Amino acid sequence: MEFKTIIEPFRIKTVEAIRRTTPDERAAALQAAGYNLFLLRAEDVLIDLLTDSGTGAMSSAQWAGMMMGDESYAGARSFYRFETAVQAITGYKHVIPTHQGRAAERILFGAAVGPGEIVPNNTHFDTTRANVEYRGAEARDLLAAEGYRPALIAPFKGDMDLAALEAVLQAEGDKVPLVMITVTNNSGGGQPVSMANVRAVSELCRRYDKPFFIDACRFAENAWFIKTREEGYADKTPLAIAREMFSYADGCTMSAKKDGIANIGGFLALNDDALAQQCRNRLILTEGFPTYGGLAGYDLEAIAVGLHEALEEDYLRYRIRSIEYLGEQITAAGVPIVQPPGGHAIYIDAQAMLPHIPQAEYPAWALSLVLYLVGGVRSVEIGSVMFGLQPDGSERPAQMELVRLAFPRRVYTQSHVDYLVEVIQYVNRMKDGIRGVRIVAQPPVLRHFSARCEPAHGTLFLPADAR
Ligand code: F0G
């Protein structure tokens with residue numbers, strides 16, 4: 001007997017209340033936050049889909065593991081549990097804990113990337129890009145063309161453009177210190193990378209003698225897509241698939257706040273002895289001794305358990321399906337999203353939904369504000385506010401204007417998703433009245449976290465009779 005309803009594969013042992021607010025309260029909160037959702041108080045948010053990072057619910061096994069945390073400064077038992085768990089999945093020789101993913105990036109790039117160099121990636125995540133640029137190098141996105149077509153339905157829209165990568169390695173290879181690939185491709189719609197593509201990138205890197213690193217934040221979700229979409233993998237476990245994927249690279253950076261289902265933590269794992277030594281030296285400078293890397297012993301325990309829970313089939317089936325369900329419902333209502341739905345998030349294509357708002361007035365930012373005003377839902381813009389400001393201070397519109405609804409792991413249930421469907425449908429019906437925004441104050445880098453904005457036309461929404 002097969003039943004079609006996929007249930008949350010857990011029981012809830014602890015709950016946390018969420019607070020309803022009125023539209024007036026939300027309007028006031030938004031104004032006080034400078035029209036920047038990052039600057040809201042989380043208490044003023046009903047359903048928080050700002051990020052899937054560090055926001056997951058830990059399991060009873062993780063909490064039990066935390067009680068076993070060994071807080072010794074050096075050589076703690078918890079480190080060896082953590083190292084064993086990471087090695088069982090990645091197979092890499094050196095495992096260096098860090099407080100989160102971007103610390104792993106900073107340490108790796110600090111040791112391996114220099115001014116004037118070029119780091120290719122399918123799409124750099126914003127902190128990855130910032131850490132490459134901080135080294136004076138160029139972060140070059142080489143996503144295959146399919147990945148730039150939001151409405152196109154294809155199985156692996158996170159794949160690297162192999163011809164473009166080869167062209168860079170051929171023409172400018174002396175300037176490439178390493179190649180990266182991000183699984184799943186967060187900034188490109190949470191789209192997966194195929195095993196065939198990882199293998200092909202690996203072959204190119206071997207041919208041109210370049211180290212190859214995986215940005216592995218969502219490695220388990222990517223493994224699930226390979227299992228369900230790529231020929232030859234249906235009968236393999238997510239663990240076996242992940243192991244194969246890691247085997248093609250020389251190392252990885254990881255934010256354990258995603259597929260480690262931990263609230264904090266990350267790591268850098270790699271095979272090269274000399275590079276690992278340089279990275280550990282840098283780690284000691286800013287993060288901590290190499291057996292804790294800025295984390296508590298109990299954090300290492302939570303990650304060791306979480307990494308393996310993230311690979312459980314029942315969990316992955318439920319997670320990917322609940323996001324797909326939201327995608328199906330709003331697609332049926334005519335909302336343009338990046339197709340097919342991503343592994344950790346739905347990405348609304350704000351440029352397609354709000355063609356009347358020019359990119360210079362940040363349509364995705366405006367849409368994310370309206371979703372909060374209407375339904376108390378917090379999302380995040382992945383568009384020209386996030387990517388438009390260039391290192392030289394000039395402004396260049398982003399490739400896509402997306403609003404990401406990212407799902408914390410094991411936190412929300414089916415009824416939360418049904419509520420979201422209603423909110424998004426409502427906003428879609430009033431979309432012609434949505435107006436753009438302007439930035440009134442911004443820092444020179446990573447401006448989306450702290451920029452202050454205002455409605456460009458006096459209001460975020462004009463009723464029909466006032467347009
Ligand atoms: N790489 C990718 C692909 C990411 O999505 C993130 C974080 C990082 C690196 C950095 O990891 O936050 O632990 O330092 N992404 C979060 C997000 C913040 O909301 O997508 P971190």
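Just the heavy atoms: all of them, side chains too, but no hydrogens, waters or symmetry mates, feed the values below. In listed order, ligands and their atoms are each counted from 1. Remember, predicted model here, so these are calculated numbers, not experimental data.
Set against the non-hydrogen atoms of Thr182, the atoms of ligand 1 under 4.0 Å away are 3 (C). Under a 4.0 Å criterion applied to the non-hydrogen atoms of Arg218, ligand 1 contributes the atoms 3 (C), 4 (C), 5 (O), 17 (C), 20 (O). Atoms of ligand 1 found under 4.0 Å from any heavy atom of Gly101 (numbered from 1 in listed order, with element): 11 (O), 13 (O), 14 (O), 21 (P). For ligand 1, the atoms lying closer than 4.0 Å to a non-hydrogen atom of Asp215 are 1 (N), 2 (C), 3 (C), 9 (C).
Partner of Asp52 under the salt bridge (Lys or Arg N to Asp or Glu O under 4.0 Å) criterion, out of Arg410, Lys257, Arg409: Arg409 alone.
Between the side chains of Ser194 and Asp159, a donor-acceptor pair is found at a separation under 3.5 Å. In the model, Asp126 has a side-chain atom that pairs as donor or acceptor with a side-chain atom of His448 under 3.5 Å. Using modelled atom types and a 3.5 Å distance limit, the side chains of Thr237 and Glu313 yield no donor-acceptor pair. Checked by atom type, the side-chain pair Thr127/Glu105 shows a donor-acceptor distance below 3.5 Å. Judged purely by distance below 3.5 Å, without hydrogens or angles, the side chains of Asn185 and Arg218 never pair a donor atom with an acceptor atom.
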| said: Please evaluate residues Glu309 and Ser59 with respect to the criterion side-chain hydrogen bond (donor to acceptor under 3.5 Å, both in side chains), reporting the C-alpha separation (whole Å), side-chain torsions for both, the decisive distance (0.1 Å), and the verdict. | reply: CA-CA 9 Å; Glu309 289 183 349; Ser59 66; 2.7 Å; yes
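The two residues Gly158 and Val193 make their nearest non-hydrogen contact at O-CG2, 3.4 Å.
For Arg404, every heavy-atom contact with ligand 1 shorter than 4.0 Å involves the side chain, none the backbone.
Summary of contacts: the protein heavy atom closest to atom 8 (C) of ligand 1 is Phe125 CD2, 3.5 Å. For atom 12 (O) of ligand 1, the nearest non-hydrogen atom of the protein is Arg102 NH2, 2.8 Å. When hydrogens are left out, the protein atom nearest atom 9 (C) of ligand 1 is Glu105 OE2, 3.0 Å; that is the closest non-hydrogen contact. The protein atom (non-hydrogen) at minimum distance from atom 13 (O) of ligand 1 is Ser255 OG, 2.7 Å.
When only interatomic distances are considered, the shortest N/O to N/O separation between Asn186 and ligand 1 falls below 3.5 Å. At under 3.5 Å, not a single nitrogen or oxygen of Thr127, backbone or side chain, sits near a nitrogen or oxygen of ligand 1.
For the residues Lys257, Gln100, Lys258, the heavy atom positioned nearest atom 11 (O) of ligand 1 is part of Lys258. Of the listed options Asn131, Thr51, Thr55, Leu50, Thr51 places a heavy atom closest to atom 19 (O) of ligand 1.
Remark: distances from the non-hydrogen atoms of Gly266 to ligand 1 are all 4.0 Å or more.
Between Glu324 and Arg321 there is a salt bridge, with a side-chain nitrogen of the basic residue lying less than 4.0 Å from a carboxylate oxygen of the acidic one.
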